[in-house]
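Each chain gets a letter, A, B and so on, in the order its sequence line appears, and its residues count up from 1.
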There are 2 protein chains.
Amino acid sequence: MESALDVLFTHIGQKIQLLESDKAALSDFFKLRALKRRQYLLQEGDLCKYLSFIIDGLLKSFTIDDKGNEHISLLAWEGWWISDFESFVKQTQAKLYIEAVEPTTVLMLSKDNYELLLEQFPIMERYFRILYQNSLTRKDSRLISSNTHSAEEKFKLFMETYPTLHQRVPQNLIASYLGLTAETVSRLKKKRFDQDS
Amino acid sequence: MESALDVLFTHIGQKIQLLESDKAALSDFFKLRALKRRQYLLQEGDLCKYLSFIIDGLLKSFTIDDKGNEHISLLAWEGWWISDFESFVKQTQAKLYIEAVEPTTVLMLSKDNYELLLEQFPIMERYFRILYQNSLTRKDSRLISSNTHSAEEKFKLFMETYPTLHQRVPQNLIASYLGLTAETVSRLKKKRFDQDS
DNA sequence: ACCGTTTCTTGTTCTGCATCAAGCTTAATC
DNA sequence: GATTAAGCTTGATGCAGAACAAGAAACGGT
């Protein structure tokens, strides 16, 4: 069976050319961790010490506002990275919580190892440059959608972009991800279904 | 006086170590362009062929919705890069307009030259990795603010983040950047001022 | 298989901000 | 420096989606 590191290297190999010798050397930089459902990977106020690559499972990152409401900033599953990126990069207090929605395994890369890895493997500069490049285009789209679309348009766009995700993620999390309430999404769903039939 | 390329290299030099020989070689990759007030650097439907580094002046990127309303996705001035990044990276049709708010000069890097430059100067992989890394943390913050804050909080945060920008940029552009109407921002400004005095 | 918790639905009320309108002020442009 | 356009203010009205409420359905853990 495929090891966690193989999953990671396959992923990296889709963006850059990775030598077998590199793989062996890179392995030591990562640490495997298993999370149970509802377990936290990070809590607000912590230092975000790791970039985490998701081998299997699904995580959410979110803030909690003054009224105690949760606002999801990211839903991430196998093949994606997650962190409180600002906290990780600047080594400041985290603003985000990261919590497992499903039982999850991740490969963690510490800040120190991240810097080392970039020093020692220039090809990884390229990998992360491409990774961030793609991430930026998605964030741009999301920001535009967030500022210009109605609730209905946001929901529709989400369902088109991630057509199968609603089978894995409770509707209230999708609502939160879109900056809507669970009630609103429930009504939008009903509306869509009524129209389709 | 300082040339446009010097401005760029100073900026790059803040993130990575750039050799004089590199500078000379890199110069050929960039093309200088001057824009008048209200002139477009990009229009919706175009291919975004360039990353543009702003030497002087100020630009806005925005979408126009079905009702003809403008939604600003970015305000950028000297020392920042601007593009329709998704269109640039994937070479798809641009969704954005980019227009000069002030008379502006930019150094433009074409997609081809971008790829060449990354091939030939591995140090530039590092530069762009760091650039994108920082850009991502800002986008994250903005996305969170957009989904969790009230109009008043967004406006307050904007004024704290860019305390002098309102002297350069008309209020209606700030409103659009924040996903608000000009009227709302006008009222918020009044409210702030009344409270402060 | 059961029980408790989480998630979803549906109705009602409320409110923050948009929209519409119109006069005023400031700033570009010739 | 006159003219025209751009930007700002203030008031009135409307509405999308939040908030509140409460029951129903689905799910997960033991």
For [X] and [Y], does a side-chain donor sit closer than 3.5 Å to a side-chain acceptor?
{"X": "A/Glu44", "Y": "A/Tyr97", "answer": "yes"}
{"X": "B/Ser146", "Y": "A/Ser146", "answer": "yes"}
{"X": "B/Gln171", "Y": "B/Lys189", "answer": "yes"}
{"X": "A/Glu86", "Y": "A/Thr92", "answer": "no"}

Checklist entry - Under 4.5 Å between side-chain heavy atoms, hopping through other hydrophobics if needed: is there a path connecting B/Leu109 to B/Leu8? => result yes
Item to check | B/Thr184 side chain near C/dC17 phosphate (N/O to OP1/OP2, under 4.0 Å) | outcome: no
Checklist entry - Is there a side-chain polar atom (N or O) of A/Gln171 under 4.0 Å from OP1 or OP2 of C/dT6? => result no
Next on the checklist: Whether the side chain of A/Arg187 and the base of C/dG11 hold a donor-acceptor pair under 3.5 Å is what I'd like checked.
Outcome noted: yes
Expressed as a whole number of angstroms, how long is the span from [X]:[atom1] to [N]:[atom2]?
{"X": "B/Glu153", "N": "C/dG16", "atom1": "CD", "atom2": "C1'", "answer": "12 Å"}
{"X": "B/Asn172", "N": "C/dT26", "atom1": "CG", "atom2": "P", "answer": "16 Å"}
{"X": "B/Lys36", "N": "C/dA28", "atom1": "NZ", "atom2": "P", "answer": "17 Å"}
{"X": "B/Glu102", "N": "C/dA27", "atom1": "CD", "atom2": "C1'", "answer": "14 Å"}
{"X": "B/His71", "N": "C/dC17", "atom1": "NE2", "atom2": "C1'", "answer": "14 Å"}
{"X": "A/Asn147", "N": "C/dC17", "atom1": "CG", "atom2": "P", "answer": "13 Å"}

Check whether the ring centres of [X] and [Y] lie less than 6.0 Å apart, and answer yes or no.
{"X": "A/Phe85", "Y": "A/Tyr132", "result": "yes"}
{"X": "A/Phe121", "Y": "A/Tyr127", "result": "no"}
{"X": "B/Phe158", "Y": "B/Tyr177", "result": "yes"}
{"X": "A/Phe30", "Y": "A/Phe53", "result": "no"}
{"X": "B/Tyr162", "Y": "B/Trp77", "result": "yes"}

Checklist entry - Looking across every strand, which nucleic acid part, if any, lies under 4.0 Å from B/Thr181 by heavy atom: base, sugar-phosphate, or nothing? => result base
Checklist entry - Taking five pairs at each end, how big is the angle between the two axes of the helix from C/dA1-D/dT30 to C/dC30-D/dG1, to 10°? => result 80°
Checklist entry - Earliest and latest nucleotide of DNA chain D, 5' to 3', sitting under 4.0 Å from a non-hydrogen atom of chain A? => result D/dG17 to D/dG29
Checklist entry - Contacts to DNA chain C from residues 157-170 of chain A, heavy-atom cutoff under 4.0 Å, which residues? => result A/Pro170
Item to check | Stepwise salt bridge (charged side-chain N to carboxylate O under 4.0 Å, His left out) test for A/Asp84 and A/Lys95 | outcome: CA-CA 7 Å; A/Asp84 181 329; A/Lys95 294 185 184 128; over 6 Å; no
Checklist outcome for this item: Comparing nearest nucleotides in DNA chain D, the 5'-proximal residue of the pair B/Glu183, A/Leu188 is B/Glu183
Checklist entry - Taking the nucleotide of DNA chain C with the closest heavy atom to each, which residue, B/Asn69 or B/Arg38, is nearer the 5' end? => result B/Asn69
Checklist entry - Checking salt bridge (charged side-chain N to carboxylate O under 4.0 Å, His left out) for the pair A/Arg168/A/Glu78: CA distance, chi angles, key distance, verdict? => result CA-CA 12 Å; A/Arg168 274 179 89 171; A/Glu78 49 279 356; 2.7 Å; yes
